[in-house]
Each structure stands twice: as structure tokens, then as C-alpha cells.
Amino acid sequence: MALRFYNTLTQSVDAFVPADGRTVRMYTCGPTVYNYVHIGNLRTFTFQDLLRRWLAARGLVLDHVMNITDVDDKIIRKAMEQGKTITEYTAAYEKAFLEDAATLRLQRPERLVRATEHIPAMVDIIEGLKQRGLTYESEGSTYYRISRFPEYGKLSRIDVGGMRAGARVDVDEYDKDNARDFVLWKARKDDEPYWDTALGAGRPGWHIECSAMAMQYLGSTLDIHAGGIDLTFPHHENEIAQSEGLTGQPFARFWMHSEHLIIDQTKMSKSLGNIYTLRDLLAMGYTPEAIRYLLASVPYRKKLNFTLDALAAASASIDRLRSFKLRLETDRLPDSTQAGLLERTAEALRQFEEALDDDLNTAEALGAVFELVRDANTGMDAGELGRGNAGPLAEFLARFDAIFDVLRPTVAEGAISDAEVDALIAERTQAKRSRDFQRADAIRAGLLEKGVVLEDTKDGVRWKRK
RNA sequence: GGCGCGGUAGCCAAGUGGUAAGGCAGAGGUCUGCAAAACCUUUAUUCACCGGUUCGAAUCCGGUCCGCGCCUCCA
């Protein structure tokens with residue numbers, strides 16, 4: 001079956017083809033850079049990365065825009081507390097975010113755009129909405145009147161409280177009947193940062209930046225709009241109201257929302273002190289690949305129960321895959337081809353692809369990978385796996401790793417070099433020849449302390465980084 | 001209260017009508033100077049619970065219990 005995704009808008013799994021058949025116009029809600037991103041944020045970004053990679057693997061061209069929210073209440077408050085401008089304040093966290101993303105091997109979107117650099121585009125949209133009678137002003141701020149947008153609530157299926165399309169709203173009852181109206185432009189307040197615009201001095205509301213940047217770069221209808229599930233309401237609902245209110249066109253064809261990550265079966269919260277940043281986990285000694293693997297291994301629409309045990313298990317799973325790859329590359333294989341295994345490899349690839357086509361079912365895809373690894377290992381143990389099998393197997397691993405990207409170890413700064421490892425292995429081999437097992441074992445133990453694991457095989461010594 | 005998601009072995013988790021994938025952990029074995037890696041055997045007669053539909057249900061329907069998210073800023 002073809003590529004298909006769950007679409008929040010239709011509440012069903014629908015076949016996905018970009019509108020023009022080739023280029024995926026995708027917008028994802030990026031971070032608000034007021035702090036380090038935490039592991040929950042990273043789950044969402046990892047999902048988006050997997051989505052990107054799978055779309056590309058399926059031959060589609062990506063035009064992916066991710067925003068960076070660099071102006072909002074929290075940013076303003078914190079910047080003011082520290083006596084900094086908001087740009088000074090956000091620059092450090094934006095840099096940290098990009099570093100964290102790179103550490104987790106998240107591909108850079110085609111465009112990474114900042115809210116503060118798109119104020120004019122936001123003002124244009126608000127002016128357009130104003131002309132269409134979808135807004136009203138109050139004390140210098142501009143609001144969206146959702147009662148004028150009959151489809152309000154269609155994404156989140158929120159109950160807008162008996163409001164009828166086209167119903168007249170008594171201005172006096174404004175507060176009650178329009179509780180869900182939201183601000184498009186906030187009037188300048190005290191000494192907070194502001195922009196002088198046709199809407200008056202002020203700053204944008206949160207939702208408008210996404211409508212503005214998405215449409216500026218990708219046009220009025222996106223193929224995919226993705227984000228965390230909590231953004232469904234009100235953020236994405238409001239984006240729809242803003243964008244469709246202006247253009248009359250569907251804003252996004254597919255809405256994809258990733259479920260939350262929970263820690264030890266409970267919600268992350270400051271009071272429980274269970275919020276991890278990537279930096280926290282790395283400091284505890286976990287590898288970026290293990291973190292990436294764990295985040296990727298649970299399908300994105302399922303809550304992911306993040307535990308340190310699961311992280312350790314992820315690490316062990318990666319070791320198994322790496323051992324297999326190393327073995328495939330170093331074992332002396334017979335000059336033959338085992339037909340059955342060739343077919344198994346092709347079958348595993350089909351299963352892998354079918355699983356990811358099916359709304360990115362990463363758990364099922366991994367199942368296909370491990371089953372093949374077991375069968376191939378068995379084949380090597382039996383001496384039946386030949387050189388003709390190695391190529392397709394290596395190709396399979398490459399296809400797997402093009403999505404999961406966990407086989408390459410992250411080599412820490414100051415780590416022992418390959419040359420040093422090779423020299424020590426040569427010394428150990430000498431020691432073994434002269435039956436000096438004590439010396440040999442000492443070298444092996446020393447290397448293990450430096451994160452290098454040795455394996456003696458009938459075809460010689462091989463090693464890998466842990 | 002409204003809307004939505006979920007409860008599958010010690011842990012993570014796939015499976016949406018045909019008789020329980022996969023990973024981790026555990027036990028035993030093979031191999032090995034010792035390890036490591038790998039392989040083999042083993043670990044859920046059962047899928048929160050109770051009814052129902054069906055030749056047949058983890059999968060469909062009804063009900064109950066439990067956990068979680070959104071409805072206010074939130075990935």
C-alpha cells in the first residue's frame with residue numbers, strides 16, 4: 001500500500017501525495033527559545049525528522065519550514081529580568097537548540113525562520129483580516145472574532161459553546177460569547193519591546209507568526225503541518241482561522257500531531273523535577289544515538305514512556321545492530337550466495353518500507369530489521385552467508401540507517417584515536433601469541449575503559465566503540 | 001462536564017476478525033585461553049475486567065475500572 005498518514009483533520013489514516021505530486025510543502029512548529037529544549041520537545045522534533053527522512057526516502061522533494069519563536073511573554077519577561085534585549089536573550093537559546101538538534105542528528109529544515117524577522121508579513125495578514133471584518137479592536141489591541149469564521153473548531157472539534165455561524169453577537173455580551181477570540185496584535189505595554197506598524201505600536205500575538213511564515217514561504221495551502229498534540233488547540237485551530245479567514249483556501253491538507261512523552265508514567269513537570277534536557281542526559285553518560293533510538297522507536301502517535309531503563313535498553317539494541325554490521329564487514333565470507341537469505345533480505349526491506357509507509361510505524365519497522373539480523377547472523381554462524389548476500393544486507397542497513405541514523409557512534413572529544421586502538425590491539429595480539437594472557441587481558445580491559453570493545457574471532461580481532 | 005488517546009510477558013512494544021512480531025532483561029546450552037559477539041532452547045494457553053456478536057475476538061459492540069492529554073501557556 002502507498003504512503004499514508006493519520007490526519008487530525010479527518011481523524012483517519014489517509015493516503016498521502018503532495019499537491020503537486022513531487023514537492024512536500026511542510027511547516028512544523030519549532031521551539032520558543034526561552035530555555036533549553038527538553039526531551040519532550042525533542043520527541044516531537046525527532047518525529048518531524050523521521051517524517052522528513054521517510055518522505056525523502058520515498059523520492060519526494062522537501063520544502064520544510066520550521067519557525068523559531070523569538071518573541072513571546074516568557075521571553076520578554078526573562079529578558080527584562082536579566083536586563084537584556086529579547087534578541088540578546090534568545091540568541092543563546094537558539095544556538096543551544098541548533099546544537100542539540102545537531103547532536104540528535106535532526107536534519108536541518110530547508111528554512112529556519114524567526115518570528116521577529118517577519119513582522120511585516122504578520123501585519124499584512126491582520127490588515128487583510130480586518131478588511132474582511134474578521135477582527136475588532138479593543139484598547140489598542142486587535143482580536144480575531146471567531147464567530148465570523150463558521151468553521152472554527154473543525155480541527156480540534158472543540159465546542160465553541162453554541163455559537164452559530166453568522167449569529168449576531170451583542171457587543172455587550174462580548175466577553176462571554178467570545179471567550180475564545182484571540183489576540184492578533186497586542187498593544188504596546190509599558191517598556192516592553194514593540195514594533196511601530198499600521199496596527200499601532202505593539203507586538204504580534206503568538207498564533208499569527210505561523211500563518212504568516214507558512215504562507216509566505218509555502219503558499220496558501222500546505223501539504224503537511226505538524227506539531228505536538230497539545231498545539232492542536234488553540235494554536236493550530238487559530239492558525240486555520242487566520243489563514244483560511246484570509247485566503248478562503250484550505251490552510252493545510254494534512255495535520256500531523258505527535259503524542260507526548262511522559263517520564264516514568266507521569267507527566268513531566270517542574271514541580272516533580274523530572275524534566276530532562278538533552279544536556280542532562282548526556283551528562284549522565286547516555287549517548288545521543290541511544291536517546292534518538294528511544295525517541296524514534298515508539299510510534300509518534302503513542303505516548304512514549306521515557307525511563308532511564310528504556311534508554312539503557314535502547315543502547316543495548318543499538319549495540320546489537322552495530323555488532324551485526326561490524327561482523328558483516330569483517331567476517332571472511334564464502335564466495336557464494338545463499339538464495340534463501342537473499343529473498344529474506346528483500347522481504348525484510350518490503351516489511352520495513354511497508355511499516356513506515358503505514359503512518360510511520362517505527363516499532364514494526366524495527367521488528368523487520370531485527371528479524372533479518374537474526375537470520376543473517378544464523379547464516380553467518382552456519383557459514384552459509386556468502387559474499388553475494390553481504391551487499392544486499394549492507395544496503396538494507398544503509399536504508400535503515402538513512403532513517404534511524406543510529407549506527408554511527410558519536411565519538412567524544414578527546415576519545416582514543418583509531419590508530420592508538422590499532423596499535424594496542426597489535427601489542428595484545430603479540431602478547432596472546434606468547435601466551436601472556438594477563439598482559440592481553442589488561443590491554444583489553446584498558447581499552448574497554450576508553451569505550452572500545454574488542455572481539456576475538458577466528459578471522460582476527462575486531463573492535464567497536466561503545 | 002465536553003473532546004481525544006491508551007491499558008498486550010519483569011520493562012518497552014507490534015499486531016484492529018483466523019488463533020500472540022521485535023527489542024531489553026532473566027535462565028540453561030553451544031562456541032571461546034578467558035571474554036566479547038553470535039546462535040539454540042526457555043520466559044503471555046493469553047492480550048485491564050464483565051457481558052454480547054461470530055464457526056472463530058487482543059482485534060467488533062455494550063458496560064465497568066484504571067492511567068493520560070486537551071478544553072488556560074505548553075512539543
Side-chain angles (χ1 to χ4, degrees), chain A residues 8 11 28-32 34 37-48 69 72-74 153 156-161 179-180 182 206 226-235 237 257-262 264-270 293-295 297-324 326-327 330-331 351 355 358 361-382 432 435-438 440-441 444-445 448 453-458 461-464 466:
Chain A
T8 307
Q11 292 188 306
T28 58
C29 291
T32 299
Y34 70 99
V37 292
H38 56 65
I39 194 68
N41 297 312
L42 291 170
R43 197 249 169 131
T44 294
F45 298 138
T46 300
F47 146 63
Q48 292 165 2
T69 301
D72 90 322
D73 293 350
K74 276 178 295 226
S156 54
R157 278 151 234 277
I158 208 85
D159 178 10
V160 291
R180 289 190 158 133
F182 56 95
W206 171 39
I229 192 166
D230 53 296
L231 295 183
T232 312
F233 187 88
H235 185 54
E237 197 68 68
H257 293 104
S258 51
E259 249 298 353
H260 276 180
L261 170 155
I262 54 179
D264 296 323
Q265 219 60 255
T266 60
K267 184 181 180 173
M268 274 193 299
S269 75
K270 276 184 189 160
Y293 182 98
L294 177 56
L295 296 181
S297 64
V298 179
Y300 77 95
R301 285 203 296 131
K302 249 191 102 113
K303 269 187 268 292
L304 191 158
N305 185 24
F306 190 92
T307 66
L308 297 181
D309 282 351
L311 211 42
S315 192
S317 298
I318 294 172
D319 278 347
R320 177 165 169 82
L321 297 174
R322 286 181 180 166
S323 294
F324 171 68
L326 186 65
R327 189 178 180 194
T330 56
D331 262 22
Q351 288 172 354
D358 185 12
N361 190 338
T362 49
E364 179 134 31
L366 287 171
V369 173
F370 282 101
E371 281 182 84
L372 179 64
V373 166
R374 186 197 54 226
D375 290 347
N377 270 322
T378 302
M380 282 193 274
D381 279 0
K432 277 178 70 181
R435 313 289 295 173
D436 183 358
F437 293 120
Q438 215 169 350
D441 290 353
R444 186 171 65 193
L448 186 60
V453 183
L454 297 197
E455 293 175 19
D456 292 328
T457 77
K458 59 179 163 41
V461 186
R462 66 181 172 224
W463 65 275
K464 64 185 176 187
K466 223 174 151 56

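Each chain gets a letter, A, B and so on, in the order its sequence line appears, and its residues count up from 1. Just so you know, these numbers use all the heavy atoms, side chains as well, and skip hydrogens, waters and symmetry mates.
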Does [N] pair with anything, Watson-Crick or G-U wobble, both distances under 3.5 Å, and if so, with which nucleotide?
{"N": "B:rA9", "result": "none"}
{"N": "B:rC70", "result": "B:rG2"}
{"N": "B:rU19", "result": "none"}
{"N": "B:rC49", "result": "B:rG63"}
{"N": "B:rC31", "result": "none"}
{"N": "B:rA37", "result": "none"}

Expressed in whole Å, how much space separates the [atom1] atoms belonging to [N] and [M]?
{"N": "B:rG28", "M": "B:rG17", "atom1": "C1'", "result": "38 Å"}
{"N": "B:rU45", "M": "B:rU8", "atom1": "P", "result": "15 Å"}
{"N": "B:rC31", "M": "B:rA25", "atom1": "C1'", "result": "23 Å"}
{"N": "B:rA13", "M": "B:rU53", "atom1": "C1'", "result": "30 Å"}
{"N": "B:rA44", "M": "B:rA21", "atom1": "P", "result": "12 Å"}
{"N": "B:rC61", "M": "B:rG18", "atom1": "P", "result": "16 Å"}
{"N": "B:rC73", "M": "B:rC12", "atom1": "P", "result": "33 Å"}
{"N": "B:rC47", "M": "B:rC60", "atom1": "P", "result": "15 Å"}

**Asked** 5'-most contact on RNA chain B: A:Gln11 or A:His235, nearest heavy atom basis?
**Response**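 Upstream on the strand: A:Gln11.
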**Message:** Both A:Ala310 and A:Ser258 contact RNA chain B. Taking the nearest nucleotide for each, which residue is further toward the 5' end?
**Reply:** A:Ala310
Tell me what [X] touches on the nucleic acid: a base, only sugar-phosphate, or nothing, going by heavy atoms under 4.0 Å.
{"X": "A:Gly367", "answer": "base"}
{"X": "A:Pro31", "answer": "nothing"}
{"X": "A:Ile262", "answer": "nothing"}
{"X": "A:His38", "answer": "base"}
{"X": "A:Gly227", "answer": "sugar-phosphate"}
{"X": "A:Ala316", "answer": "sugar-phosphate"}

Mind calculating the distance between [atom1] ([X]) and [atom2] ([N]) to the nearest angstrom?
{"X": "A:Arg180", "N": "B:rC70", "atom1": "CZ", "atom2": "P", "value": "14 Å"}
{"X": "A:Glu259", "N": "B:rG6", "atom1": "CD", "atom2": "P", "value": "9 Å"}
{"X": "A:Arg322", "N": "B:rG23", "atom1": "CZ", "atom2": "P", "value": "18 Å"}
{"X": "A:Arg43", "N": "B:rG69", "atom1": "CZ", "atom2": "P", "value": "14 Å"}
{"X": "A:Ile158", "N": "B:rC3", "atom1": "CD1", "atom2": "C1'", "value": "7 Å"}
{"X": "A:Leu261", "N": "B:rC70", "atom1": "CG", "atom2": "C1'", "value": "17 Å"}
{"X": "A:Phe233", "N": "B:rG4", "atom1": "CZ", "atom2": "C1'", "value": "14 Å"}
{"X": "A:His257", "N": "B:rG4", "atom1": "NE2", "atom2": "C1'", "value": "12 Å"}

Closest listed nucleotide, where the reference is the side chain of [X] and the choices are [options]:
{"X": "A:Asn41", "options": "B:rA75, B:rG23, B:rA14", "value": "B:rA75"}
{"X": "A:Gln265", "options": "B:rC73, B:rC12, B:rG22", "value": "B:rC12"}
{"X": "A:Phe370", "options": "B:rG22, B:rA75, B:rC40", "value": "B:rG22"}

Which heavy atom in [X] sits nearest to a heavy atom in [Y], and how many Å separate them?
{"X": "A:Val37", "Y": "A:Pro31", "value": "CG1-CB, 4.0 Å"}
{"X": "A:Gly228", "Y": "A:His257", "value": "O-CD2, 3.5 Å"}
{"X": "A:Ala355", "Y": "A:Ala365", "value": "CB-N, 3.5 Å"}

**Request:** Any chance you could list the contact pattern along nucleotides 26-37 of chain B? Use B for base contacts, S for sugar-phosphate-only contacts and - for none, protein heavy atoms under 4.0 Å, 5' to 3'.
**Result:** -------BBBBS
Only distances under 3.5 Å count here; give the side-chain donor-acceptor pairs of residues 366-379 of chain A to other protein atoms, sequence neighbours excluded, each with its distance to 0.1 Å.
unit_1	atom_1	unit_2	atom_2	d
A:Asp375	OD2	A:Arg344	NE	2.7
A:Asp375	OD2	A:Arg344	NH2	3.2
A:Asn377	OD1	A:Arg327	NH1	3.0
A:Asn377	ND2	A:Val373	O	3.3
A:Thr378	OG1	A:Arg374	O	2.9

**Message:** Working to the nearest 0.5 angstrom, can you tell me the gap between A:Ile318 CD1 and A:Ser323 OG?
**Reply:**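 One gets 11.5 Å once the value is rounded to the nearest 0.5 Å.
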**Asked** Can you tell me how far the CZ atom of A:Phe47 sits from the OG1 atom of A:Thr28, to the nearest 0.5 Å?
**Response**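 Nearest 0.5 Å value for the CZ-OG1 distance: 9.0 Å.
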State, yes or no, whether a side-chain contact exists between [X] and [Y] at a heavy-atom distance under 4.5 Å.
{"X": "A:Ser317", "Y": "A:Tyr293", "value": "yes"}
{"X": "A:Leu294", "Y": "A:Ser297", "value": "yes"}
{"X": "A:Leu304", "Y": "A:Ile262", "value": "no"}

**Prompt:** Can you check whether A:Asp264's main-chain N or O pairs, donor with acceptor, with A:Asn305's side chain at less than 3.5 Å?
**Reply:**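 Side chain of A:Asn305 to backbone of A:Asp264, a donor-acceptor pair under 3.5 Å: yes, one is there.
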**Asked** Checking salt bridge (charged side-chain N to carboxylate O under 4.0 Å, His left out) against A:Glu259, which of A:Arg43, A:Arg301, A:Lys303 comes through?
**Response** A:Lys303
Establish, with yes or no, whether the OP1 or OP2 oxygen of [N] is under 4.0 angstrom from a side-chain nitrogen or oxygen of [X].
{"X": "A:Arg374", "N": "B:rC39", "value": "no"}
{"X": "A:Asn361", "N": "B:rA21", "value": "no"}
{"X": "A:Thr378", "N": "B:rC40", "value": "yes"}

**Prompt:** Tell me, which of residues 300-309 of chain A have any heavy atom that sits under 4.0 Å from an atom in RNA chain B?
**Reply:** A:Lys302, A:Lys303, A:Asn305
**Message:** Run A:Arg157 and A:Gln11 through side chain to side chain contact (heavy atoms under 4.5 Å, CB included) and show every step you take.
**Reply:** CA-CA 10 Å; A:Arg157 278 151 234 277; A:Gln11 292 188 306; 3.2 Å; yes
**Prompt:** Between A:His260 and A:Met268, does a side chain to side chain contact (heavy atoms under 4.5 Å, CB included) hold up when you go through it step by step?
**Reply:** CA-CA 10 Å; A:His260 276 180; A:Met268 274 193 299; over 6 Å; no
